[in-house]
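Below is one structure, written out as structure tokens, with a few remarks after it.
The first residue of the sequence shown is numbered 1, and numbering continues consecutively from there. Just so you know, these numbers use all the heavy atoms, side chains as well, and skip hydrogens, waters and symmetry mates.
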Amino acid sequence: MRKEFYIGTEEDMTDYMERAAAYLRSIKKGTLIDGGINLSEALPVEEQKELMQYIYDMVINLMMKTSGRYVLNRIDFGSYKNDFIGNYAEVILKRLDLFRDPERITEESKSYRFPTFLDRLSGEAILTTYAQMHDVSPKVERKIYRVLSAIPKIAVSKQKNCSEVTPYEIHCMCQDISESDILSILRYRNRTSLDQLMEEGMLEIDAIQGDEGIQLEVFEELDADIISVLHHFFDRLTDMEKLFVLLHVRCCDEAYGKMTAEELSVSSLVVSIAAASEKLRKSILTGNLTICRPKRSSAEGNTSIKLKNVEIVSYNVIRYHRKKAADYLKSLGKRIPIEDFSGRHAVKFFEAQWNELVEKYSF
């Protein structure tokens, strides 16, 4: 494959995927890339296949590390976990060429970074996986999702129990679904009370945060004003500051959320970020370290871990950035209403920031 088709060593994933999607459109549809070249005509068929495989493999591997893992951490698909990953991969193969497509782009989507685009593809994969689990078509599964997700919204707005929500009220919210279909869905799924919904794990409702159960759209958007504030907040942070802000609010991989200061000081992400910073590079030492309480464990008889000849970021750096993270979040709390700052939509925005950080230091 020609050198110019590979991602550059210093190239941002979003920038690369913008041109990679253009390559896919050119191969599939005969559109022109920069320079007025039609790759479906200019490249031999084997080289076209090689280029497409390179792009798809890169994105699917990224999905499995970031948004795919995010969904699996929040939705229990049971024995259908691998089916979800397969479905997500199929969606990527089908939709990847749409990223920043000039014929479809809107003012809203123009600003999407690639991790956000990848996140938004998860909904179709989730829907397909639920349909497989329930042995129905994706069209029927979408109806089931809409009916069940309408119940807690109606209950909250009308200040009543979920069990008191009527098919007519659901029909008023979902007017294209008939009352008879709604009744069939409720009977078919046997979900006529909040207790049943929660017992079956399909509606894990938090009335304050408005959390809805079948998490088809797990990456919903915040209001434009809130997004602007959050982008401004994160844009001002260094990568190390960003890391500790995300650790502070636990919008990170589960393993990092459990790490002690000693574990963080030798973690690959912290060391990589420090090494990339001219200011922090000198804080990296090579030596031995004993981790006395791995993963914050306090169990009696817990065995410490002894590491030899490893790169260690100074504890002063860890301590300083932990304090700064708390200060930064306190200032952010003055600019964003608490219900937005602590709600699940803001959490998802933060987790998207974590995915971008992991992506940046994963090469």
Side-chain angles (χ1 to χ4, degrees), residues 1-70 85-86 88-105 109-122 125 219 231 234-235 238-240 242-243 246 253 268-278 351-363:
M1 193 168 77
R2 302 177 195 186
K3 184 178 180 181
E4 63 264 29
F5 293 140
Y6 288 98
I7 186 171
T9 54
E10 302 294 327
E11 190 170 14
D12 175 82
M13 177 63 88
T14 296
D15 293 337
Y16 176 70
M17 287 314 306
E18 185 167 2
R19 64 185 180 95
Y23 297 156
L24 295 176
R25 291 192 295 273
S26 186
I27 291 171
K28 291 180 176 181
K29 305 173 184 177
T31 57
L32 304 181
I33 62 171
D34 289 347
I37 300 171
N38 179 348
L39 294 182
S40 67
E41 298 175 351
L43 294 183
V45 173
E46 287 305 314
E47 192 171 355
Q48 292 178 34
K49 291 179 179 178
E50 185 181 6
L51 173 56
M52 293 173 71
Q53 192 66 50
Y54 170 76
I55 295 169
Y56 288 136
D57 285 349
M58 177 186 297
V59 175
I60 290 170
N61 286 335
L62 177 63
M63 173 272 287
M64 293 175 69
K65 293 178 182 177
T66 56
S67 51
R69 181 169 58 188
Y70 172 92
I85 292 297
Y88 205 160
E90 286 293 328
V91 175
I92 289 170
L93 297 180
K94 186 167 56 175
R95 309 287 188 197
L96 186 57
D97 61 300
L98 299 179
F99 181 59
R100 293 189 176 174
D101 182 349
E103 293 186 2
R104 302 172 62 96
I105 201 165
S109 62
K110 188 188 300 182
S111 63
Y112 287 166
R113 293 185 59 76
F114 184 69
T116 303
F117 174 82
L118 188 58
D119 292 345
R120 293 175 68 85
L121 295 183
S122 68
F219 295 97
H231 274 304
F234 278 103
D235 288 346
T238 66
D239 284 346
M240 190 67 83
K242 184 183 294 186
L243 172 72
L246 296 171
D253 288 354
S268 59
L269 188 54
V270 172
V271 172
S272 295
I273 292 174
S277 166
E278 187 175 347
E351 288 176 329
Q353 296 295 315
W354 174 267
N355 288 341
E356 287 190 19
L357 199 61
V358 170
E359 171 200 327
K360 182 175 180 180
Y361 290 95
S362 63
F363 296 103

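- Checked by atom type and distance alone, the side chain of S26 never pairs as donor or acceptor with a backbone atom of L32 at under 3.5 Å.
- Taken from CG in N38 to CG in L43, the straight-line distance is 9.0 Å, to the nearest 0.5 Å.
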(request) Kindly determine whether F114 and V59 satisfy side-chain contact (heavy atoms from CB on, under 4.5 Å), including the steps that lead there. (result) CA-CA 10 Å; F114 184 69; V59 175; 3.8 Å; yes
(request) Start with the C-alpha distance between I273 and K360, add both sets of side-chain angles, then the distance that settles side-chain contact (heavy atoms from CB on, under 4.5 Å), and finish with yes or no. (result) CA-CA 10 Å; I273 292 174; K360 182 175 180 180; over 6 Å; no
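- Nearest heavy atom pair, residue S40 against residue G30, reads OG-CA, 3.8 Å.
- K94 is not listed as a side-chain neighbour of L121, based on a closest heavy-atom distance of 4.5 Å or more.
- Here the CZ atom belonging to R113 is positioned 7.0 Å from the CG atom belonging to D15, to the nearest 0.5 angstrom.
- In this structure, the side chains of E351 and D119 stay at 4.5 Å or more apart for every pair of heavy atoms.
- No more than 12 heavy atoms of other residues, nucleotides or ligands lie within 6.0 Å of CE in M64, so this atom counts as exposed by the packing criterion.
- Annotation: the span from Y56 atom OH to L24 atom CG amounts to 4.5 Å, rounded to 0.5 Å.
- Scanning all heavy atoms of the two residues, the minimum distance from M1 to L51 falls at SD-CA, 3.3 Å.
- Put simply, OG on S272 and CG on L243 are 10.5 Å apart, with the number rounded to the nearest 0.5 Å.
- Between R19 and D34 there is no salt bridge, since no side-chain N of the basic residue sits under 4.0 Å from a carboxylate O of the acidic one.
- In this structure, the ring of Y54 has its center no less than 6.0 angstrom from the ring center of F5.
- The shortest non-hydrogen separation linking R25 to D97 is NH1-O, 2.7 Å.
- Here the side chains of T14 and F99 are in contact, with some heavy-atom distance below 4.5 Å.
- A salt bridge is defined here as a Lys NZ or Arg NE, NH1 or NH2 lying under 4.0 Å from an Asp or Glu carboxylate O, and K29 with E103 fails to meet this definition.
- Nearest heavy-atom pair, D239 versus Y361, reported as atom, atom and distance to 0.1 Å: OD2-OH, 2.6 Å.
- Counted by atom type alone, S122 and Y70 present zero donor-acceptor pairs between their side chains at under 3.5 Å.
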(message) For M63 and I92: C-alpha separation, side-chain torsions, deciding distance, then whether side-chain contact (heavy atoms from CB on, under 4.5 Å) applies.
(response) CA-CA 9 Å; M63 173 272 287; I92 289 170; 3.9 Å; yes
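- Two residues are said to be in side-chain contact when any heavy atoms from C-beta on lie closer than 4.5 Å; I37 and Y23 fail this criterion.
- The structure places CG of L62 at 5.5 Å from CD of E359, a figure rounded to the nearest 0.5 Å.
- At least one side-chain heavy atom of M240 sits under 4.5 Å from a side-chain heavy atom of V270.
- Contact of the M17 side chain with the F117 side chain is not registered, since no non-hydrogen atoms from C-beta on lie closer than 4.5 Å.
- Summarising the geometry of L357 relative to K242, their closest heavy-atom pair is CD1-CD, 4.2 Å, with the distance given to 0.1 Å.
- Note: I55 CD1 to Q53 CD = 10.5 Å, rounded to the nearest 0.5 Å.
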(request) Given side-chain contact (heavy atoms from CB on, under 4.5 Å), test E47 with L39 step by step and report yes or no. (result) CA-CA 10 Å; E47 192 171 355; L39 294 182; over 6 Å; no
